[in-house]
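Here the structure comes first, spelled out in structure tokens, and everything after it is commentary.
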Amino acid sequence: MATATTAEGRVPRADKVAVVDEVRQRFAEADAVLFTEYRGLDVAEMADLRGRLIDADCRYKIYKNTLVRRALSVDAPAGTLDLLLGPTALAFCGKDPSAAAQALRTFAAEHDALIIKGGVLAGTLLSDAQVRELADLPSRDELMAQMLGAFAAPLNALASMMNNLIGEVSGLVQALIDKTPDNPAPDDEAPAQADQADAALDAADVEADGPDSDSPDDPTNDPTNTENNQ
């Protein structure tokens with residue numbers, strides 16, 4: 001099997017081949033790759049930048065420009081290799097390139113030594129200005145929050161409508177209560193009052209007419225009473 005050689009005719013070392021393969025794989029897996037120049041940043045500042053990019057689901061790596069050129073010599077968009085001038089570090093972005101661009105732009109505003117050079121997004125070459133515009137787009141988390149807010153809006157409107165309806169019904173019930181007499185007569189008072197009136201009328205009749213002649217206690221109605229029959 002033939003062995004690949006460099007442009008100078010030398011056989012590449014195994015470690016360089018591994019780096020080229022790694023760079024090629026990282027480019028293939030990343031949603032975006034952002035190019036920066038880091039000249040002038042100290043170790044602590046580089047660690048700070050890496051930490052911010054990790055929070056944005058992004059890995060910040062430094063490779064030799066010659067090895068990156070070798071990895072990108074076939075598949076990279078035209079003009080990508082021109083970004084590999086000077087000390088270059090690559091930010092390999094995950095599913096949220098906007099968050100990574102925001103982190104780089106913020107850090108560059110705080111540290112003049114960091115320079116955003118450009119990038120590659122979905123197979124398209126980006127200028128440094130376009131990378132900064134990418135930072136203005138909502139992040140993935142912000143988009144998710146907006147989507148959830150849009151879904152929740154109808155539910156909130158329904159809940160508000162129900163609360164208003166309950167309030168209106170409560171108001172109508174209270175209005176009916178307010179119109180009801182304070183001391184309504186119980187239902188059983190009317191029959192009791194009628195019975196009392198009937199008793200009073202009966203007593204008046206007895207006083208006016210005297211004893212009833214048909215009463216069995218009347219001695220005149222007793223057939224055995226001889227005195228009255230004679």
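Residues: numbered from 1 along the sequence shown.
Taking both residues in full, the closest heavy atoms of Ile62 and Met46 are given as CD1-CE, 3.7 Å, listed atom of the first, atom of the second, then distance. Residue Val131 comes nearest to Gly119 through the heavy atom pair CG2-N, 4.0 Å, listed as atom of the first residue, atom of the second, then distance. Across all their heavy atoms, Val20 and Arg70 have their closest contact at CG2-CD, 3.9 Å. Counting all heavy atoms, side chain and backbone alike, Val23 lies closest to Ala71 at CG1-CB, 3.7 Å. For the pair Gly94 and Pro97, the tightest heavy-atom approach, listed with the atom from each and the gap, is O-CD, 3.9 Å. Taking both residues in full, the closest heavy atoms of Asn65 and Leu84 are given as ND2-O, 3.4 Å, listed atom of the first, atom of the second, then distance.
At least one donor-acceptor pair closer than 3.5 Å links the side chain of Gln102 to the backbone N or O of Ala135. In this structure, the side chain of Lys117 engages the main chain of Leu85 through a donor-acceptor pair within 3.5 Å.
For the atom pair Leu49 CG and Cys58 SG, the distance stands at 9.0 Å (nearest 0.5 Å). Here Gln130 contributes atom CD and Thr124 contributes atom OG1; the two are 9.0 Å apart, rounded to the nearest 0.5 Å. Residue Asp136 holds its CG atom at 7.5 Å from CD of Glu133, rounded to the nearest 0.5 Å.
Taking the charged nitrogens against the carboxylate oxygens, Arg52 and Asp55 have no contact shorter than 4.0 Å, which rules out a salt bridge. Of the charged side-chain nitrogens involved, none lies within less than 4.0 Å of a carboxylate oxygen, so that Asp128 and Arg132 do not count as a salt-bridged pair.
Partner Thr80 forms a side-chain contact (heavy atoms from CB on, under 4.5 Å) with one of Val33, Leu72, Leu126 and no other, that one being Leu72. Here the rule is side-chain contact (heavy atoms from CB on, under 4.5 Å) with Thr36, and of Thr88, Leu90, Ile115, Leu104 only Leu104 fits it.
More than 12 heavy atoms of other residues, nucleotides or ligands sit less than 6.0 Å from atom CD of Glu22.
Cluster membership for Leu34 and Leu81, using ILVMFWY side-chain heavy atoms within less than 4.5 angstrom, is not shared. Connection of Leu137 to Leu121 is established within a shared hydrophobic cluster, with ILVMFWY side chains joined at heavy-atom distances below 4.5 Å, either directly or through further cluster members. Hydrophobic clustering of Ile, Leu, Val, Met, Phe, Trp and Tyr side chains at less than 4.5 Å, counting indirect connections, unites Leu114 with Leu53. If you chain together hydrophobic residues whose side chains sit under 4.5 Å apart, Leu67 and Tyr60 never meet in one group. Leu83 and Tyr38 are not part of a single hydrophobic cluster, where members link through side-chain heavy atoms under 4.5 Å apart.
Ring planes of Tyr63 and Phe92: perpendicular class, angle over 60° (limits at 30 and 60°).
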